[in-house]
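Here the structure is a predicted model, which is why all the values come from computation and not from measurement.
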Amino acid sequence: MLNSENKNNSGKTKLTPKQTAVQVVKFVFFSAGAGIIQFVTFTLLNEILKLEYMFCYLTALVLSVLYNFTFNRKFTFKSATNIPIAMLKVAAFYCAFTPLSTWWGTALTDAGVQEYIVLIGTMLINLVSEYLYCRFVVYRKSMNTNASALKQAKAEEEKTAEEKIDNNIQ
């Protein structure tokens, strides 16, 4: 069993507080990239093509979700899980989030709330809810299982073993 993490009785990976903080920072970083993609796409469709909020939002959302899924699976959650299954789980999240966020976005913009205020608020709600869903549903049993994570864990175990030997020698 790895020193830096352990599994509880339900098979879920238990992260240290430091690992959780690093994971959150990575998720926010990659989500910011996805947010830029979403915001730029939305802006181009809204300002240049003058399309309705719903079409601008849905197109931008799909592009950002694809980016976010790809990078967070590999670098944030370091998961070797079956990609189609993980993608289906994320799609299930968006089967609920997309209609709701499209509904409230359309309702708010129709009521006169500025499109970009609605978009930014929706993106913040998406950031928090998607992290929680990915962390506790999509990747809960497969975090830190890809080759990069296993290599890092092995290096940490070797370092810890060397430190123990050094401490025993002194």
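- Hydrophobic clustering of Ile, Leu, Val, Met, Phe, Trp and Tyr side chains at less than 4.5 Å, counting indirect connections, unites Ile125 with Leu108.
- Within the 4.5 Å cutoff, the side chain of Thr59 has no heavy atoms near those of the Phe42 side chain.
- Inter-residue side-chain proximity for Leu15 and Arg135 is flagged as met; some heavy-atom pair is nearer than 4.5 Å.
- Follow the hydrophobic side-chain contacts under 4.5 Å out from Leu58 and you never reach Leu44; the two are in separate clusters.
- Between the side chains of Tyr131 and Asn126, no donor-acceptor pair is found at a separation under 3.5 Å.
- In the hydrophobic cluster analysis, where Ile, Leu, Val, Met, Phe, Trp and Tyr join through side-chain heavy atoms closer than 4.5 angstrom, Leu127 is grouped apart from Leu66.
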- Message: One pair to check against side-chain contact (heavy atoms from CB on, under 4.5 Å): Asn82 and Ser142. What are the steps and the verdict?
- Response: CA-CA 10 Å; Asn82 183 306; Ser142 68; over 6 Å; no

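- At distances below 3.5 Å, at least one donor-acceptor pair connects side-chain atoms of Arg73 with backbone N or O atoms of Ser79.
- One finds the OG1 atom of Thr70 at 8.0 Å from the CD1 atom of Ile83 (value rounded to the nearest 0.5 Å).
- Taking CG of Asn68 as the start and CD of Gln38 as the end, the distance is 9.5 Å to the nearest 0.5 Å.
- A donor-acceptor pair under 3.5 Å links the side-chain atoms of Gln19 to the main chain of Thr16, judged by distance alone.
- Inter-residue side-chain proximity for Asn146 and Thr81 is flagged as unmet; no heavy-atom pair is nearer than 4.5 Å.
- Cluster membership check: Val62 does not share its hydrophobic cluster with Tyr53, using side-chain heavy-atom separations under 4.5 Å among Ile, Leu, Val, Met, Phe, Trp and Tyr.
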- Query: Does the side-chain contact (heavy atoms from CB on, under 4.5 Å) test come out yes or no for Glu130 and Val138, once each step is laid out?
  - Reply: CA-CA 10 Å; Glu130 185 177 5; Val138 178; over 6 Å; no

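- Contact record, Asn46 with Leu51: OD1-O, 3.8 Å, taken as the closest heavy-atom pair.
- Contact of the Lys154 side chain with the Leu150 side chain is not registered, since no non-hydrogen atoms from C-beta on lie closer than 4.5 Å.
- Note: Thr43 OG1 to Leu119 CG = 7.5 Å, rounded to the nearest 0.5 Å.
- Summarising the geometry, atom OH belonging to Tyr139 is positioned 10.0 Å from atom OG1 belonging to Thr145; distances are rounded to the nearest 0.5 Å.
- Rounding to the nearest 0.5 Å places OH of Tyr57 at 8.0 Å from OG of Ser64.
- A side-chain donor-acceptor contact under 3.5 Å links Gln114 to the backbone of Tyr116.
- Using modelled atom types, no side-chain atom of Thr106 and backbone atom of Trp103 make a donor-acceptor pair closer than 3.5 Å.
- With ring centers used as reference points, Phe71 lies 6.0 Å or more from Phe29.
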- Test Leu49 against Phe55 for side-chain contact (heavy atoms from CB on, under 4.5 Å), laying out the working first. CA-CA 11 Å; Leu49 297 179; Phe55 183 78; over 6 Å; no

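- The CG atom of Asn144 sits 7.5 Å away from atom CD of Gln23, with the distance rounded to the nearest 0.5 Å.
- A donor-acceptor pair under 3.5 Å is absent between the side-chain atoms of Tyr133 and the main chain of Val128, judged by distance alone.
- For the ring-ring contact (aromatic ring centres under 6.0 Å, His included) test, residues two or more places apart in sequence or in another chain that qualify with Trp104 are Phe97.
- Other residues, nucleotides and ligands contribute at most 12 non-hydrogen atoms within 6.0 Å of the NZ atom of Lys74.
- The cluster map of Ile, Leu, Val, Met, Phe, Trp and Tyr, joined by side-chain heavy atoms under 4.5 Å apart, puts Tyr67 and Val28 in different clusters.
- Judged by distance alone, the side chain of Lys50 and the main-chain N or O of Glu47 form a donor-acceptor pair under 3.5 Å.
- Using a 4.5 Å heavy-atom threshold, the side chains of Phe93 and Cys134 count as separate.
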